[in-house]
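Note sheet for the following structure.
Numbered from 1 within each chain, the chains take letters A, B, ... in sequence-line order.
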There are 2 protein chains.
Amino acid sequence: MRALPMVYLITIPELLMVTNVKEILKKNQLSITESRRKILQLFYNANDALSHADIEKLTGDDFDRVTIYRTLQTFVEKGIVHTIPTADNSVRYALCKDNCTEGHHHDNHVHFLCDECGKTYCLDHVTIPDIQLPKGFHQKQTDLVISGVCKNCD
Amino acid sequence: MRALPMVYLITIPELLMVTNVKEILKKNQLSITESRRKILQLFYNANDALSHADIEKLTGDDFDRVTIYRTLQTFVEKGIVHTIPTADNSVRYALCKDNCTEGHHHDNHVHFLCDECGKTYCLDHVTIPDIQLPKGFHQKQTDLVISGVCKNCD
DNA sequence: AAAAATTTTGCAACAAAGTTGCATTTTGGT
DNA sequence: ACCAAAATGCAACTTTGTTGCAAAATTTTT
Ligand SMILES: [Mn+2]
Ligand SMILES: [Mn+2]
Ligand SMILES: [Zn+2]
Ligand SMILES: [Zn+2]
């Protein structure tokens, strides 16, 4: 009989992670509530963007739908997460990695949507090129979303 | 008393325009119905993109909401109009000017959304630059939407 | 540590947006 | 004019998002 493969179970001390999230909330002058802690933690655990529906599923019935809407809105306002518009009309949210501040986002990176697995990626190192607009048009925000097949579904 | 300003009223013969729209429907192997004719005509009259809500207002209660949804869906499938994703999660539709065919769109131009007047422009002459994606990612569709202040609201 | 002030949450009610099934009407072809 | 196929209208339903307000939780003050 062959030996079973060795499995290393690494447990990350929750206290550390929670503290981390707490610090971020404090830094942004937000009161520490269960919903904000848990939802922000979800973003740190996920490696892709989350929709409102995703969060609703992941949190079960811990929180009311309205609370999730308001929490996401707050995070966007504070520059903690940014929104990603999609062609199918369902906004996703992802952590801001650039130093975004209250009311001012700097996430000028490209977003990728996989048609296969549905994942939304922040391509943090792919920046949006400058676009020359016709006379009279003044640019404030630019969203570049590419869809196709991701590296996992390749 | 000053003379009133001269007003030139130009009436465009409806028959001509309708025929034009009819031809486009025929070319796309779609049966000529009142809703398709009227909605397609709306797009030819408008110089900016239209949302489902816009069309609902413009057509009054001529058609059911569901018919408008289905008509737009058909137009998109046939390559007559293309969708424009927006940050506020409301899809707009605009005529395809490139030679798009059934199931294959080629509208790789930039879209502009005015924060002031809410208009959506197809910047047909501003093309989306090529984006170099990380290994393993395969590009199918690209949407570049810029928001700000348009030339009219400047 | 307790009380007061402020903020956040959950609930209910509502509005807007979109989908589906099916009977009726309209369209295109003979 | 007739028939088959396609499109429409209607009803019912789901999903998504918003608002007001009382209750609960958090922060600040004492
Ligand atoms: Mn991003
Ligand atoms: Mn366009
Ligand atoms: Zn994928
Ligand atoms: Zn404008």
Side-chain angles (χ1 to χ4, degrees), chain A residues 18-19 21-42 49-78 80-81 83-93 102 118 120, chain B residues 18-19 21-42 49-78 80-81 83-93 102 118 120:
Chain A
V18 168
T19 307
V21 161
K22 268 190 185 173
E23 286 310 314
I24 290 155
L25 292 175
K26 270 188 191 163
K27 203 187 302 175
N28 285 279
Q29 295 159 310
L30 291 174
S31 38
I32 320 282
T33 67
E34 208 197 333
S35 47
R36 284 176 184 163
R37 275 195 295 113
K38 282 213 181 176
I39 293 173
L40 188 49
Q41 188 64 62
L42 285 182
L50 300 173
S51 67
H52 177 274
D54 290 335
I55 294 169
E56 218 176 315
K57 273 169 212 144
L58 287 165
T59 54
D61 45 341
D62 290 355
F63 314 112
D64 193 84
R65 271 166 13 89
V66 180
T67 303
I68 299 175
Y69 278 116
R70 291 198 268 227
T71 303
L72 289 170
Q73 213 171 284
T74 304
F75 286 176
V76 171
E77 282 164 8
K78 288 288 183 177
I80 299 171
V81 304
T83 57
I84 305 164
T86 67
D88 69 322
N89 231 17
S90 72
V91 178
R92 316 278 170 97
Y93 301 83
E102 178 139 14
T120 306
Chain B
V18 168
T19 308
V21 161
K22 268 191 185 173
E23 286 311 314
I24 290 155
L25 292 174
K26 270 188 190 165
K27 204 188 300 174
N28 285 278
Q29 295 158 310
L30 290 174
S31 39
I32 319 281
T33 68
E34 207 196 334
S35 48
R36 285 176 182 163
R37 275 195 296 112
K38 282 212 178 175
I39 292 173
L40 188 49
Q41 188 63 63
L42 285 183
L50 299 174
S51 68
H52 177 275
D54 290 335
I55 295 168
E56 217 176 317
K57 272 169 213 146
L58 286 165
T59 54
D61 45 340
D62 289 357
F63 315 112
D64 193 84
R65 269 166 16 90
V66 181
T67 303
I68 298 175
Y69 279 115
R70 291 197 268 230
T71 303
L72 289 170
Q73 213 172 282
T74 304
F75 286 176
V76 170
E77 280 163 10
K78 288 289 183 178
I80 299 171
V81 303
T83 57
I84 304 164
T86 67
D88 69 321
N89 229 18
S90 74
V91 178
R92 316 278 170 96
Y93 302 83
E102 179 140 11
T120 306

Would you kindly give the [atom1]-to-[atom2] distance between [X] and [N], to the nearest whole Å?
X: L25(A); N: dT26(D); atom1: CG; atom2: P; result: 12 Å
X: E56(A); N: dT16(D); atom1: CD; atom2: C1'; result: 9 Å
X: K38(A); N: dT8(C); atom1: NZ; atom2: P; result: 19 Å
X: I55(B); N: dG18(C); atom1: CD1; atom2: C1'; result: 14 Å
X: F75(B); N: dA7(D); atom1: CZ; atom2: P; result: 11 Å
X: N28(B); N: dT27(C); atom1: CG; atom2: P; result: 18 Å
X: Q73(A); N: dG17(D); atom1: CD; atom2: P; result: 11 Å
X: Y69(B); N: dG9(D); atom1: OH; atom2: P; result: 15 Å

What's the angle between the local helix axes at either end of the helix from dA1(C)-dT30(D) to dT30(C)-dA1(D), using five pairs per end and rounding to 10 degrees?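 Computed angle between terminal axes is 30°.
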
Among [options], which nucleotide has an atom closest to any side-chain atom of [X]?
X: T33(B); options: dT8(D), dT26(D), dT19(C); result: dT8(D)
X: A53(A); options: dT7(C), dT9(C), dT16(D); result: dT16(D)
X: D64(A); options: dT16(D), dG10(C), dT8(D); result: dG10(C)
X: H52(A); options: dG17(D), dC10(D), dA6(D); result: dG17(D)

Non-hydrogen side-chain atoms of [X] and [Y] separated by less than 4.5 Å:
X: L42(A); Y: L50(A); answer: yes
X: L72(B); Y: I55(B); answer: yes
X: I24(B); Y: L30(B); answer: no

If you look at every strand shown and take non-hydrogen atoms under 4.0 Å, does R70(A) touch a base, only sugar-phosphate, or nothing? base

Students often get this wrong, so: under 4.0 angstrom with heavy atoms, is D62(A) touching a base, only sugar-phosphate, or nothing?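 Since only primed, P, OP1 and OP2 atoms lie under 4.0 Å of D62(A), the category is sugar-phosphate.
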
In Å, rounded to the nearest 0.5 Å, how long is the span from NZ of K38(B) to CG of L58(B)?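 One gets 11.5 Å once the value is rounded to the nearest 0.5 Å.
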
Nearest 0.5 Å, please: how far is CZ in F75(A) from CG in N28(A)?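 Spacing of CG (N28(A)) from CZ (F75(A)) equals 9.0 Å.
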
Dump the intermediate steps for side-chain hydrogen bond (donor to acceptor under 3.5 Å, both in side chains) on S35(B) and R70(B), then the final yes or no. CA-CA 10 Å; S35(B) 48; R70(B) 291 197 268 230; over 6 Å; no

Pick the nucleotide of DNA chain C nearest each of T74(A) and V66(A); which residue has the one closer to the 5' end? T74(A)

Any side-chain donor paired with an acceptor under 3.5 Å for S51(B) and R92(B)?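 No - no donor-acceptor pair under 3.5 Å links their side chains.
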
Which sits closer to the 5' end of DNA chain D, R65(B) or I32(A), going by the nucleotide each is nearest to? R65(B)

